[in-house]
Number of protein chains: 2
Amino acid sequence: MAPSTETLTAERILEATEEVLRRHGPAKATVVDVARALGVSHGSVYRHFRTKTALREAVTQRWLDRTCQALAGTAAEDRDPEARLRDWIRGLAEAKRRKAADDPELFATYGVLAGENREVVAAHLVDLIAQLTSIVEAGVATGAFTTPDPEATARAVFEATSSFHDPRHATEWQRPGIDEEFTTLVDLLVRGLRA
Amino acid sequence: MAPSTETLTAERILEATEEVLRRHGPAKATVVDVARALGVSHGSVYRHFRTKTALREAVTQRWLDRTCQALAGTAAEDRDPEARLRDWIRGLAEAKRRKAADDPELFATYGVLAGENREVVAAHLVDLIAQLTSIVEAGVATGAFTTPDPEATARAVFEATSSFHDPRHATEWQRPGIDEEFTTLVDLLVRGLRA
DNA sequence: CAGCTGACAGATATTGAAATCTGTCAGCTG
DNA sequence: CAGCTGACAGATTTCAATATCTGTCAGCTG
């Protein structure tokens with residue numbers, strides 16, 4: 001790849017890393033490949049990321065943050081909490097399904113990265129559950145929902161729907177009738193939440 | 001291992017296969033190992049199982065059937081459906097957790113086998129969901145539960161609790177507070193089921 | 001002189017030849 | 001003669017030599 005005149009930034013390295021991961025897959029993507037894609041020596045990459053592990057961690061976080069930001073809107077809106085809860089969960093499930101369907105190889109690659117970076121994933125889940133908690137709390141405030149512990153309930157709703165958003169279940173997202181199954185489950189959960 | 005005077009049966013081969021899998025793990029367990037453990041030539045094993053794949057399938061089914069049978073009792077009892085539903089799900093989750101905790105390596109081995117034998121697993125899930133459906137139907141009959149489609153609802157309850165019984169989530173079964181999370185989720189689901 | 005390069009040591013991955021395994025079957029054995 | 005054996009061909013796995021990669025750093029460059 002042609003050397004660039006632009007400054008070498010962490011962001012540019014992360015972009016190149018994602019591209020290299022897309023091309024080569026998680027097993028064969030090397031720091032040397034990333035440097036080559038940027039037209040620099042691999043030593044320069046190490047100036048921005050201490051280790052290959054740190055680079056992979058950062059690219060994983062970047063990927064997860066994108067999902068988080070897309071949902072933050074729904075979580076912060078000021079309207080019917082029940083509808084927002086439905087929209088939020090559906091948004092999460094559909095975002096994941098779309099990514100898995102659009103580029104299965106890249107999705108599988110990030111599945112591997114997620115497995116390598118449990119702590120980054122854990123922090124991501126904390127973020128997501130915090131968003132969901134805020135919706136449940138809003139529902140309790142309007143009297144739409146009843147629960148002694150909104151945080152625990154939000155976690156329960158999140159786990160209950162995990163087969164529709166956890167990448168480990170991605171192979172099952174193609175079966176027919178999955179939309180009906182999802183709706184049945186969300187209906188059941190919402191009934192359990194209601195006052 | 002000393003040659004045995006007993007007749008060589010499919011069941012004896014399956015027992016030996018499980019032992020070999022326990023000792024060597026899924027990657028290194030060979031048909032020759034199984035034959036050696038039984039004191040016969042590997043040709044004899046092929047008299048009972050057409051291929052190594054068929055042998056692994058059979059041993060996987062045997063393993064899954066044991067769980068199924070343990071739960072069939074709870075599903076068939078004649079008492080309060082709500083309590084039975086709670087007991088059944090808890091029984092399923094605890095059986096899996098116990099196996100994972102007692103012999104993590106063997107559990108991981110069967111995780112690999114399950115991944116290799118999706119169809120066997122699918123049939124197992126059909127069985128389990130049928131059991132759960134019979135409990136939900138009993139609840140609808142007594143008026144304890146309300147649902148337009150007991151089978152779909154049973155499936156929803158099964159999927160909702162999958163993070164507590166699906167082996168792919170086994171790494172999370174050690175975290176503290178998991179019992180409370182399980183109880184919170186089952187309470188939520190039961191509330192949704194009630195008339 | 002801030003940022004980059006490229007040679008280097010140790011760690012990791014690739015490769016291809018040798019060893020082992022799978023699945024078959026003609027013939028042995030009780 | 002029903003059931004088992006063991007030699008065999010082709011497929012797969014192992015292993016050790018070879019190549020590549022990671023992470024460092026002294027020195028170059030703009």
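Note on naming: letters A, B, ... go to the chains in the order of the sequence lines (proteins, then strands), and numbering restarts at 1 for each one. Being a predicted model, the structure only gives us computed values, none of them experimental. Both backbone and side-chain heavy atoms feed into the values below; hydrogens, waters and symmetry mates do not.
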Short question: side chain of [X], backbone of [Y] - any donor-acceptor pair under 3.5 Å?
X: A:His165; Y: A:Ala95; value: no
X: B:Trp63; Y: B:Leu113; value: no
X: A:Arg50; Y: A:Leu55; value: no
X: A:Thr161; Y: A:Val157; value: yes

Nearest-nucleotide comparison on DNA chain C, the residue closer to the 5′ end among B:Lys52 and A:Ser41: A:Ser41
B:Ala29 or A:Ala27, whichever maps to the more 5' nucleotide of DNA chain C: A:Ala27
Sub-4.5 Å side-chain heavy-atom contact between A:Glu172 and A:Ile178: no
Test side chain to side chain donor-acceptor pair (under 3.5 Å) applied to A:Tyr110 and A:Glu18, A:Arg22, A:Glu105, the passing residue: A:Glu18
Return the value, rounded to whole Å, for the distance between atom [atom1] of [X] and atom [atom2] of [N].
X: A:Arg36; N: C:dG6; atom1: CZ; atom2: P; result: 13 Å
X: A:Tyr46; N: D:dC21; atom1: OH; atom2: P; result: 11 Å
X: A:Arg50; N: D:dC25; atom1: CZ; atom2: P; result: 14 Å
X: A:Leu55; N: D:dC21; atom1: CG; atom2: C1'; result: 14 Å
X: B:Lys28; N: D:dC15; atom1: NZ; atom2: C1'; result: 12 Å
X: A:Arg47; N: D:dA26; atom1: CZ; atom2: C1'; result: 13 Å
X: A:Leu38; N: C:dT5; atom1: CG; atom2: C1'; result: 15 Å
X: A:His24; N: D:dT20; atom1: NE2; atom2: C1'; result: 13 Å

Distance test, side-chain N/O of A:Thr51 to OP1/OP2 of D:dT22, below 4.0 Å: no
Listed nucleotide nearest any side-chain atom of B:Val32, set D:dC4, D:dT22, C:dC21: C:dC21
Touch class at under 4.0 angstrom, heavy-atom based, for A:Thr30 against every strand present: sugar-phosphate
C:dG6 base / A:His42 side chain donor-acceptor hit below 3.5 Å: no
Which residue lies more 5' along DNA chain D, comparing A:Gly43 with A:Asp33 via nearest heavy atoms: A:Asp33
Polar contact flag, side-chain donor to acceptor under 3.5 angstrom, A:Thr30-A:Asp33: yes
Base-pairing string, 5' to 3', of DNA chain C - Watson-Crick or wobble, under 3.5 Å, | interstrand: ||||||||||||||||||||||||||||||
